J.: 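Would you mind keeping the following structure in view while I ask a few things?
Just so it is clear, the model here is predicted, and its values are computed rather than measured.
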Amino acid sequence: MSYAVKVSRGAGAPIKLQCGVIYMSFHQSLRSLVLAATMAGATLCSAAFNGAKADEISVTQWGTSLYGAPYAVAMADGLFKKAGVDITSIIGSGGGGTTVRNLLASETPYGEVAIAAALAAARQGLDVVVVNAGTRSVAEASLVTMPDSPIKSLKDLEGKKVAITSPKGVSEMLLLMALKEQGVDASKVERVASGGYVNGLTMLEQGAVAAAVLIEPLSIIRADKYRTVVNYGKVLAPMATSVGITTRAFAKANPAKLKAIIAGRAEGVKALYADPAKAATIIAKDFKLDPAIAKIAVDNMIGPRMWSEGEFNIAELNRTVEGLKLIGEVTVDVDWSKLIDPAFLPPALQAVK
């Protein structure tokens, strides 16, 4: 038996040691060498585990959506460390089940995921619990058309085709919710799956669809190429779009660490609202955005109060559930009392509204 020590580091992250056990067969003459290597590896692994150890957590759409902005600010300002946990990097994903799988495979199984992903994990019998609210606005999502298009409102989409990213995805859900809110018959609007936001814009430019879904910061970068038909944040009431989840086993075994993660994120939200310009600078660096684009993106989310400090609002959670029903992702009401646990939130935020 020998210990394997893997040394790695992500961009801007400190070196990490990953220790594991490898079983091998060696020639008799190498026994002394194996013993020496085993002892050295065991010593190094012990030091790595007993010393201060950095943690990674998972955040859906990290680097591409503003879901993760509070985490970027909290890491840059040392707010996680002040809360009692050393979060130095984020495991990103394209969202959905991928984020949940990343989370469950992590040594620190906490992550912010879309509500649909959290509910799907619970339906599959996974040992997850919702421990904080995340984002609460859809102001970063919109529907656009070409500048010279006759489409002026959602009503004008009747009999037309609209590019969404994928069936039963968030883009289709928001479109259906907005159509319902505006009294438009969704059966008269044909949804076409494009496979991605950029793909949908290509279809729009080629005349294959009359409108296409879009999301920031892409909508800001291409603002001069398209005309906004509707910004969903101006049509739909505040609704929970992401939540923080972990496993019940981790929550039971590591309550202090979990509270520190949630508290650090909450402080990141406060810092973001207190100094949006500074937050934009941090986000521009972490998300590799042009500083001017990052500033507009952050400023656009300040008014609608996109980021929650973590407190639960059942009405906002249920608005998303109603949207998920429209796309068939959920078929019954959700009993949130069985899924959420506010005990890990800062005391002032534990009351469920």
J.: Taking all atoms of both residues into account, what is the closest heavy-atom pair of Ala139 and Ser137, and its distance?
T.: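 Distance-wise, the nearest heavy atoms are N-OG, 3.1 Å.
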J.: Applying side chain to side chain contact (heavy atoms under 4.5 Å, CB included) between Met239 and each of Thr135, Leu174, Asn313, report the one that passes.
T.: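 Exactly one pass, corresponding to Leu174.
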J.: Please list, chain by chain and in numerical order, all residues satisfying side-chain hydrogen bond (donor to acceptor under 3.5 Å, both in side chains) with Thr320, sequence neighbours excluded.
T.: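 Result, side-chain hydrogen bond (donor to acceptor under 3.5 Å, both in side chains) vs Thr320: none returned.
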J.: Where do Thr165 and Ser171 land on the side chain to side chain donor-acceptor pair (under 3.5 Å) test, with the steps shown first?
T.: CA-CA 6 Å; Thr165 57; Ser171 65; 2.9 Å; yes
J.: Please identify each residue that fulfils side-chain hydrogen bond (donor to acceptor under 3.5 Å, both in side chains) with Arg136, with sequence neighbours left out.
T.: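 Partners of Arg136 under the side-chain hydrogen bond (donor to acceptor under 3.5 Å, both in side chains) test: Glu316.
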J.: Between the side chains of Asp156 and Lys160, is the shortest nitrogen-to-carboxylate-oxygen separation below 4.0 Å, so that they form an ion pair?
T.: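 No.
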J.: Quick check on Lys252: does its NZ atom have over 12 non-hydrogen neighbours (other residues, nucleotides or ligands) under 6.0 Å away?
T.: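 Not buried by this count: 12 neighbours or fewer within 6.0 Å.
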J.: Do Asn318 side-chain atoms and Val321 backbone N/O form a donor-acceptor pair below 3.5 Å?
T.: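 Side chain of Asn318 to backbone of Val321, a donor-acceptor pair under 3.5 Å: no, none is there.
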J.: Write down the atom of Asn231, the atom of Gly233, and the distance for their closest heavy-atom approach.
T.: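 Closest heavy-atom pair between Asn231 and Gly233: OD1-N, 2.8 Å.
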J.: State, with a plain yes or no, whether a side-chain heavy atom of Ile302 is found less than 4.5 Å away from one of Trp307.
T.: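 Side-chain contact under 4.5 Å: yes.
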J.: Is there a side-chain contact between Ile164 and Val192 (heavy atoms, below 4.5 Å)?
T.: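 In short, these two side chains do not touch, never coming nearer than 4.5 Å.
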J.: Got a sec, which residues hit salt bridge (charged side-chain N to carboxylate O under 4.0 Å, His left out) with Lys325, two or more places apart in sequence or on another chain?
T.: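 For Lys325 the salt bridge (charged side-chain N to carboxylate O under 4.0 Å, His left out) partners, ignoring immediate neighbours, are Glu322, Asp333.
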J.: Could you give the side-chain donor-acceptor pairs of residues 109-122 under 3.5 Å, partners two or more places apart or in another chain?
T.:
{"residue": "Tyr110", "atom": "OH", "partner": "Tyr71", "partner atom": "OH", "Å": "3.2"}
{"residue": "Tyr110", "atom": "OH", "partner": "Asn132", "partner atom": "OD1", "Å": "2.8"}
{"residue": "Glu112", "atom": "OE1", "partner": "Tyr71", "partner atom": "OH", "Å": "2.6"}
{"residue": "Glu112", "atom": "OE1", "partner": "Arg265", "partner atom": "NE", "Å": "3.2"}
{"residue": "Glu112", "atom": "OE2", "partner": "Ser242", "partner atom": "OG", "Å": "2.7"}

J.: Would you name the heavy atoms of Leu66 and Met301 that are closest together and state the gap between them?
T.: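 Shortest heavy-atom separation between Leu66 and Met301 comes out as CD1-CG, 3.5 Å.
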J.: Would you name the heavy atoms of Gly195 and Asn199 that are closest together and state the gap between them?
T.: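 Minimum heavy-atom contact is C-ND2, 3.7 Å.
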J.: Glu329: which residues meet the salt bridge (charged side-chain N to carboxylate O under 4.0 Å, His left out) condition with it, sequence neighbours left out?
T.: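 Glu329: salt bridge (charged side-chain N to carboxylate O under 4.0 Å, His left out) contacts with Arg123.
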J.: Of the non-hydrogen atoms in Val352 and Pro342, which two are nearest, and what is the gap between them?
T.: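 Smallest heavy-atom distance, with atoms named: CG2-CG, 4.0 Å.
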J.: Please output the side-chain donor-acceptor pairs of residues 204-219 that fall under 3.5 Å, not counting sequence neighbours, one pair per line with the distance.
T.:
{"residue": "Glu205", "atom": "OE2", "partner": "Lys225", "partner atom": "NZ", "Å": "3.3"}
{"residue": "Glu205", "atom": "OE2", "partner": "Tyr226", "partner atom": "OH", "Å": "2.4"}
{"residue": "Glu216", "atom": "OE2", "partner": "Asn300", "partner atom": "ND2", "Å": "2.9"}

J.: Among residues at least two apart in sequence or on other chains, which ones pass ring-ring contact (aromatic ring centres under 6.0 Å, His included) with Phe287?
T.: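 Partners of Phe287 by the ring-ring contact (aromatic ring centres under 6.0 Å, His included) criterion, ordered by chain and then number, come out as Trp62.
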J.: Output all residues satisfying salt bridge (charged side-chain N to carboxylate O under 4.0 Å, His left out) with Glu140, sequence neighbours left out; order by chain, then residue number.
T.: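 None.
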J.: Please give me the minimum heavy-atom distance between Ser194 and Ala163, naming the atom from each residue.
T.: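 Taking every non-hydrogen atom into account, CB-CB, 4.4 Å.
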J.: Looking at residues at least two apart in the chain, or sitting in another chain, which of them share a side-chain hydrogen bond (donor to acceptor under 3.5 Å, both in side chains) with Lys188?
T.: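 side-chain hydrogen bond (donor to acceptor under 3.5 Å, both in side chains) check on Lys188 returns nothing, list empty.
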J.: May I ask you to say whether Arg227 pairs ionically with Asp148, meaning some side-chain N is under 4.0 Å from a carboxylate O?
T.: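 Salt bridge absent between Arg227 and Asp148.
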J.: Identify which one of Val131, Ile340, Leu317, Leu339 satisfies the side chain to side chain contact (heavy atoms under 4.5 Å, CB included) criterion when paired with Val243.
T.: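 Only one of Val131, Ile340, Leu317, Leu339 forms a side chain to side chain contact (heavy atoms under 4.5 Å, CB included) with Val243, namely Leu317.
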J.: Using side-chain hydrogen bond (donor to acceptor under 3.5 Å, both in side chains) as the criterion, list what pairs up with Thr331, not counting sequence neighbours.
T.: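 Residues passing side-chain hydrogen bond (donor to acceptor under 3.5 Å, both in side chains) with Thr331: none at all.
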J.: Clusters formed by hydrophobic residues whose side-chain heavy atoms approach within less than 4.5 Å: which one holds Ile221, and what are its other members?
T.: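 Grouped by the 4.5 Å side-chain rule, Ile220, Ile293, Ile296 form the rest of the cluster around Ile221.
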J.: Ion pair present between Lys257 and Asp55, side-chain N to carboxylate O less than 4.0 angstrom?
T.: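 Asp55 and Lys257: salt-bridged.
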J.: Please go through Leu79's hydrophobic cluster and name the other residues, only I, L, V, M, F, W, Y counting, with side-chain heavy atoms under 4.5 Å joining them.
T.: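 Leu79 shares its hydrophobic cluster with no other residue.
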